[in-house]
Amino acid sequence: MAKSNIKNDIRLEQYKNMLNVINRHNHIQEEVSNTLKATRMRSIINSYRLVEAYKADSKVAYVGEQFPTEIVYAFNMQAWNIESMAILFAQSVNIEDFFQLSEENFLSRDICSFLRAPFATMHANCYPRPNIVLSNDQPCDCLAKLGYIASQLYNSPYFSLNTPNEINGESINYLVAQINKMILKIEKELSCSFDENNFKKIVEYSNEAKEYYCKTTEILKKSYVPRVSRELLEIFGLNAFGLKETVSLCKVLYEEALEISQKQNTKKKRVLWMGQAPEGFHEIIKYLERELDIIFSAILWDGTLMSLDIENPIHSIAKRAILFHWHSDRMKENTAMVCDEFGIEAIIIANVWGCRNMLGIRSVIKEVAEEKNLKYLTINLDVMDRNNYAFNQVKNRLDAFLEII
């Protein structure tokens with residue numbers, strides 16, 4: 001499947017390809033008046049990172065979701081999240097064109113669209129050529145496979161972290177050894193050195209951003225602050241902890257959330273959204289937010305709220321990586337805690353087409369809802385591929401759900 005290597009890997013041409021695709025379609029945009037300052041700031045940061053990655057002299061590392069990007073930044077590389085960037089493009093273009101390309105390259109429609117989209121985008125030669133591909137198998141093992149395919153397409157060096165599911169001293173040390181081996185691999189393949197002083201500063205940036213992130217989460221527990229939960233989810237997906245810009249972004253969001261909470265008197269019923277979430281201006285989200293306060297689950301994972309140990313950062317990075325695994329017992333405990341601390345009154349489980357993780361974990365979420373006597377709804381949708389989703393079908397179920405809560 002990955003034998004048809006990308007022939008023209010000049011980044012300027014790849015950048016032009018990306019612009020040509022985007023310019024062929026109308027952009028979907030939120031009303032500016034309905035947008036947080038932090039959201040606009042994140043958009044600017046994303047644009048800057050995107051342009052930097054296409055520069056001929058930039059070092060680009062393809063990474064997966066929640067890969068420890070602090071390591072990447074220590075090498076002064078651009079971390080290109082192959083899944084999130086495809087989602088970013090999907091919000092601006094007619095993604096069906098890309099899905100058609102994935103089928104032409106023999107990729108089944110039964111595979112999660114969050115994986116098919118980057119596969120097709122690479123085949124359209126719209127991604128910047130990677131200097132190295134780094135992957136991990138959590139929370140999505142299929143994403144690790146996609147990383148391997150990307151390395152074959154671009155003939156780039158590849159390194160994969162095998163992250164244990166259970167967390168203990170032995171499993172953490174096992175992952176620490178792999179991370180140290182990966183650092184040596186990057187040094188050898190790219191002929192550059194791991195800058196310890198730079199790494200220390202990056203860890204400090206990561207912790208500073210996380211401090212503001214956690215303070216914003218505390219505000220969210222106590223107050224109705226529209227759109228802030230969504231922005232926390234977006235920052236989680238951005239996975240750019242370690243950048244100075246992310247510190248500024250998290251600080252702005254915290255200050256904005258604090259200001260809104262002091263002025264906002266409205267109160268709505270709170271629902272917990274579990275699973276992959278549509279963009280903030282998606283019709284489902286806009287429909288539900290008229291009556292509900294949606295709390296998105298990804299902001300609450302133990303790993304997301306965890307700061308790094310300045311004295312032993314690699315060890316804490318390994319521990320955080322294990323916490324990102326969708327371990328059923330930890331997921332159940334975490335979901336129960338979220339329901340209690342955030343005053344959750346109902347749960348929506350988004351079963352995205354082709355996502356094996358959600359298929360496996362949704363029974364655990366249902367157990368939490370039943371034990372806490374919470375209403376819950378499972379909806380089948382595909383937030384990227386319209387061939388697997390129709391709003392009218394979902395709307396009927398949403399209306400019935402809104403009536404009972």
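Bear in mind the structure is a predicted one, so any value in this text is a computation, not a measurement. Residues: numbered from 1 along the sequence shown.
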query = Counting distance only, does the side-chain N/O of His325 pair as donor-acceptor with the main-chain N or O of Thr163 below 3.5 Å?
reply = yes
key: Check against side chain to side chain contact (heavy atoms under 4.5 Å, CB included), Val271 and Asp293   = CA-CA 6 Å; Val271 298; Asp293 181 13; over 6 Å; no
query = Taking atom types as modelled and ignoring hydrogens, do the side chains of Asn351 and Thr378 form a donor-acceptor contact shorter than 3.5 angstrom?
reply = no
query = Does a donor on one side chain and an acceptor on the other come within less than 3.5 Å for Ser135 and Ser160?
reply = yes
message = Students often mix this up, so state it plainly: with edges at 30° and 60°, are the rings of Tyr212 and Tyr254 parallel, tilted or perpendicular?
response = tilted
inquiry  = Quick check against the 3.5 Å criterion: does Arg270 have a side-chain atom that pairs as donor or acceptor with the backbone of Phe342?
reply    = yes
task = Kindly say whether Met331 contributes a backbone atom to a donor-acceptor pair with the side chain of Thr335 at under 3.5 angstrom?
result = yes
query = Of Tyr154, Tyr158, Phe159, which meets ring-ring contact (aromatic ring centres under 6.0 Å, His included) against Tyr62?
reply = Tyr154
query = Using 30° and 60° as the class limits, which term best fits the ring planes of Trp80 and Tyr127: parallel, tilted or perpendicular?
reply = perpendicular
message = Test your reading of the model: is there a side-chain donor-acceptor pair from Glu83 to the backbone of Pro118, 3.5 Å cut-off?
response = no
query = Which heavy atom in Leu374 sits nearest to a heavy atom in Cys339, and how many Å separate them?
reply = CD1-SG, 3.8 Å
inquiry  = For the backbone of Ala321 and the side chain of Gln66, can you confirm whether one donor and one acceptor N or O come within less than 3.5 Å of each other?
reply    = no
key: Stepwise side chain to side chain contact (heavy atoms under 4.5 Å, CB included) check, Glu370 with Tyr376   = CA-CA 9 Å; Glu370 291 168 355; Tyr376 65 88; 3.3 Å; yes
ask   = According to the interplanar angle, ranging from 0 to 90°, do the rings of Tyr287 and Phe391 count as parallel (below 30°), tilted (30 to 60°) or perpendicular (above 60°)?
value = perpendicular
task = Flag the pair Asn162 / Gln178 as yes when at least one side-chain heavy-atom distance between them is below 4.5 Å, and no otherwise.
result = yes
key: Lys/Arg cation over aromatic Phe241: Lys210, 6.0 Å, 45° cone   = yes
